[in-house]
Structures are given as structure tokens and as C-alpha cells.
Amino acid sequence: MSASRGRVCVVGSFMMDLVVSAPRRPRPGETLVGTSFAQYVGGKGFNQAVAASRAGAATSFVGRLGDDLFGAEFRAALRTDGIDDGGVLDDAEGGTGVGLPVVEPGGQNSIIIVPRANLRLTPADVERSRERIEAADVLLLQLEVPVEASLAAARIARGAGTAVVLNPAPYAPLPPELVAACDLLVPNEHELAGLAGAPVPADGPEAVEVLARDVLGRHGVSLVVTMGATGVLVLAADGASSLVPGRTVEAVDTVGAGDTFCGNLGARLAVGDALTDAVAYANAAASIAVTRHGGAPSAPEADEVEAVRR
Ligand code: ATP
């Protein structure tokens with residue numbers, strides 16, 4: 001691993017997950033006794049920032065928290081992971097974003113998310129963090145904050161030579177200006193299908209590559225497509241493709257695997273790794289994360305990733 005630290009800036013979301021286990025979803029008007037409750041810090045932005053920081057990047061965050069107890073927990077969590085929270089605003093009106101998953105026996109999971117303060121992040125908030133974005137080697141974006149805020153961040157980054165990496169999740173149609181400002185898109189197969197305006201590809205990297213080439217042809221942007229246990233397809237802007245196979249592990253919880261992948265990818269690109277090397281590293285990091293429970297908490301430290309790569 002390179003001795004110097006890369007710099008990653010995340011403009012993204014916080015979501016406090018309040019997870020209930022219950023025999024089933026209640027019917028309308030019914031009160032049901034659940035079997036367990038747990039609370040986890042999460043949100044794609046937060047998870048990716050934690051993963052990047054643990055991968056060794058000097059990481060900063062731009063986002064909005066509620067001025068409430070959940071917000072205070074996130075501040076503490078950011079500091080625990082050594083993430084610069086100077087670009088995180090306390091929102092007196094919108095509370096901290098929450099996710100309310102109900103887990104039924106067998107692991108079936110349905111979730112309501114209420115983004116709250118995340119949806120109040122503005123281009124002006126992003127502008128206030130201009131120096132953080134300009135100082136970064138890599139800007140990491142997802143789609144859980146308003147697209148205008150992401151676009152403002154991408155434009156600042158482009159102007160400063162900061163590489164823009166977008167994980168288009170959860171998928172929503174992207175304004176062409178945002179795609180044009182990106183250096184790299186990191187979708188999973190479902191998000192790739194959304195980008196291509198096509199059905200989710202049948203199993204197999206070949207079908208994924210066909211769609212990825214279609215997106216490259218239309219937007220001229222490099223793609224890294226994550227395919228769960230199968231691995232990762234890399235399609236560079238010059239048309240060169242390669243497949244990084246998934247690592248064989250005992251997966252117990254794949255929640256947040258994509259976030260661990262993106263955070264590690266950003267951290268390695270930030271120290272100057274070639275795209276396929278950064279992908280191999282992120283693939284190893286995400287394969288560790290799926291052997292552990294939780295989203296952000298499952299992200300490995302750099303020495304753990306180095307150990308499985310030896
Ligand atoms: P999530 O939404 O659950 O965070 P995702 O759909 O965005 O995940 P995936 O493609 O499922 O992303 O997984 C991201 C990466 O995590 C994969 O490319 C791979 O590196 C790793 N990974 C996921 N599942 C497994 C698995 N079962 N075994 C090994 N590695 C895995």
C-alpha cells in the first residue's frame with residue numbers, strides 16, 4: 001500500500017436504521033409485538049465514508065443531519081472513524097434521516113426510508129465546502145441527496161481536477177449534466193439496467209458487458225459494475241474490459257457490500273492505483289464485509305484487506 005494517504009470527499013446521506021424483527025408485517029389497524037429491535041448508523045454516504053477512511057483515505061463529508069439525538073450519534077461516529085465533519089450541517093427543521101426495516105423470519109426484509117434532512121442539502125451547502133472538494137483526489141457521490149447538490153459538487157470537482165465517482169444508488173434517472181461530470185460510474189446490475197433503460201441482464205458477465213458497453217457508448221464514461229458473489233466487470237472509457245472474479249467466502253450479511261466496495265475503490269483511486277488494481281482491492285474489502293453483520297460496522301481496516309490479498 002502507498003505510504004501517502006489519498007483524500008476522499010463524500011457528498012451524501014445519513015440514515016439511522018431502526019431495525020425491527022417481527023413474525024410478519026402488521027395488517028392495517030393491527031398492533032403486533034415484535035421480537036427484537038436494533039439501531040444502526042447508516043446511509044450510503046456515511047457507509048462509504050467510513051469504508052474510505054478505514055481503507056486509509058483522509059476523508060471528509062458534506063451532508064445534513066437533524067439537530068437531534070440521531071444527529072449527535074452520527075457526529076460521534078464520524079469522529080470515531082476520523083472523518084472530517086466540518087462540512088456536515090445541523091438542520092434545525094429537517095430531522096436526521098431514518099430507515100425503518102422490518103425483518104421477517106427467513107430474513108425477508110421490507111423497509112420504509114424517510115430521508116428528512118438529507119433532502120434539504122442544497123448547492124449552497126456544497127459551495128460552502130468548495131475547499132474540501134477541491135482538496136480531494138476523489139469525490140464520491142450516491143443518489144440519496146438531491147441531485148442538484150450532487151451536480152454542484154461534481155462541477156466543483158471537475159474544475160479542480162478531483163476525480164468524480166458516482167454510485168447511482170438507489171437508482172433514479174440521471175440528468176445528462178451529472179453523467180457528463182463523472183469520471184466513473186459504479187452501478188450494480190440493477191442500476192446498470194436503469195442506466196441502459198433495459199431489463200436487468202440475465203445472469204452472466206457477458207450480458208452485463210453488453211449493457212455496460214451500451215452505457216459507455218452513450219455517455220463515454222468508465223464503468224465498474226458490481227455483480228455480488230460473481231465479481232466485478234471493469235469497462236474503461238477506452239473500451240478495454242476485464243472481469244475481477246468474486247472471492248469465495250461464507251457470506252452472512254451482504255447489506256452495505258456495495259458501500260464498502262465504493263469507499264475502498266475511492267480510497268485506492270485517491271492514492272493513484274490503476275482502475276483494475278483499485279477494483280481488485282475493493283473486491284477484497286467487500287468480500288470481508290459480507291462475512292460480518294451490519295453496514296458501516298462491517299467495513300474492514302486496510303491491514304485486514306492486505307492480509308487477505310497476500
Ligand atoms: P448492497 O446493495 O447489498 O450494498 P450492491 O448490490 O450494491 O450491494 P453487490 O454487487 O451485491 O453490491 O456487492 C458489491 C461487492 O461486494 C461485489 O462486487 C463483491 O466484491 C462483494 N460481494 C458481494 N456479495 C459477495 C459474496 N457473496 N461473496 C463475495 N463477495 C461479495
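Atoms within each ligand, like the ligands themselves, are counted from 1 in listed order.
Annotation: Glu131, atom CD; neighbour count of heavy atoms from other residues, nucleotides and ligands within 6.0 Å does not exceed 12.
Within ligand 1, the atoms closer than 4.0 Å to a non-hydrogen atom of Arg247 are 28 (N), 29 (C), numbered from 1 in the order shown. Taking every non-hydrogen atom of Thr254 and a distance limit under 4.0 Å, the qualifying atoms of ligand 1 come out as 1 (P), 3 (O), 4 (O). For ligand 1, the atoms closer than 4.0 angstrom to any heavy atom of Gly231 are 18 (O). Listed by atom number, the atoms of ligand 1 under 4.0 Å from Val232 heavy atoms are 18 (O). The ligand atoms of ligand 1 that sit less than 4.0 angstrom from a heavy atom of Ala251 are 27 (N). For ligand 1, the atoms lying closer than 4.0 Å to a non-hydrogen atom of Thr226 are 9 (P), 10 (O), 12 (O), 14 (C), 18 (O). Distances below 4.0 Å separate heavy atoms of Asn188 from the following atoms of ligand 1: 5 (P), 6 (O), 7 (O).
Within a 4.0 Å radius of atom 2 (O) of ligand 1, the protein has no heavy atom.
In this structure, Val252 and His293 have side chains that are in contact, with non-hydrogen atoms separated by less than 4.5 Å.
In this structure, the side chain of Ser241 does not engage the main chain of Leu235 through any donor-acceptor pair within 3.5 Å.
Residue Ser287 has no nitrogen or oxygen atom sitting less than 3.5 Å from a nitrogen or oxygen atom of ligand 1, judged on distance alone. Residue-to-ligand polar distances place Gly256 within reach of ligand 1: an N/O pair is separated by less than 3.5 Å.
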- Message: side chain to side chain contact (heavy atoms under 4.5 Å, CB included), that's the test. Do Val126 and Ile133 meet it? Break it down for me.
- Response: CA-CA 9 Å; Val126 171; Ile133 298 168; 3.7 Å; yes
- Task: Just do the side chain to side chain contact (heavy atoms under 4.5 Å, CB included) check on Asp259 and Asn167 with the steps written out, would you?
- Result: CA-CA 9 Å; Asp259 293 334; Asn167 170 219; 4.2 Å; yes
- Message: Walk me through whether Arg130 and Glu127 qualify under side chain to side chain contact (heavy atoms under 4.5 Å, CB included).
- Response: CA-CA 5 Å; Arg130 170 176 281 276; Glu127 182 59 37; 2.7 Å; yes
- Item | Test log, rule side chain to side chain contact (heavy atoms under 4.5 Å, CB included), inputs Val62 and Val10 | CA-CA 6 Å; Val62 180; Val10 179; over 6 Å; no
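Both the backbone and the side chain of Asn283 come within 4.0 Å of ligand 1, counting heavy atoms alone. In Val249, the part holding a heavy atom less than 4.0 Å from any atom of ligand 1 is the side chain. Under 4.0 Å from ligand 1, the heavy atoms of Met227 that appear belong solely to its backbone.
Using cut-offs of 30° and 60° for the angle between ring planes, the Phe46 and Phe74 rings count as perpendicular.
Closest protein heavy atom to atom 15 (C) of ligand 1: Ala286 CB, 3.9 Å. With hydrogens left out, the protein atom closest to atom 7 (O) of ligand 1 is Gly258 CA, 3.5 Å, a heavy atom.
Between Phe14 and Phe70, the ring center distance fails the sub-6.0 Å criterion.
Which of Ala284, Ala229, Gly228, Ala282 comes nearest to atom 10 (O) of ligand 1 through a heavy atom is settled by distance: it is Gly228.
Nearest heavy atoms, Thr96 versus Gly66: OG1-N, 2.9 Å.
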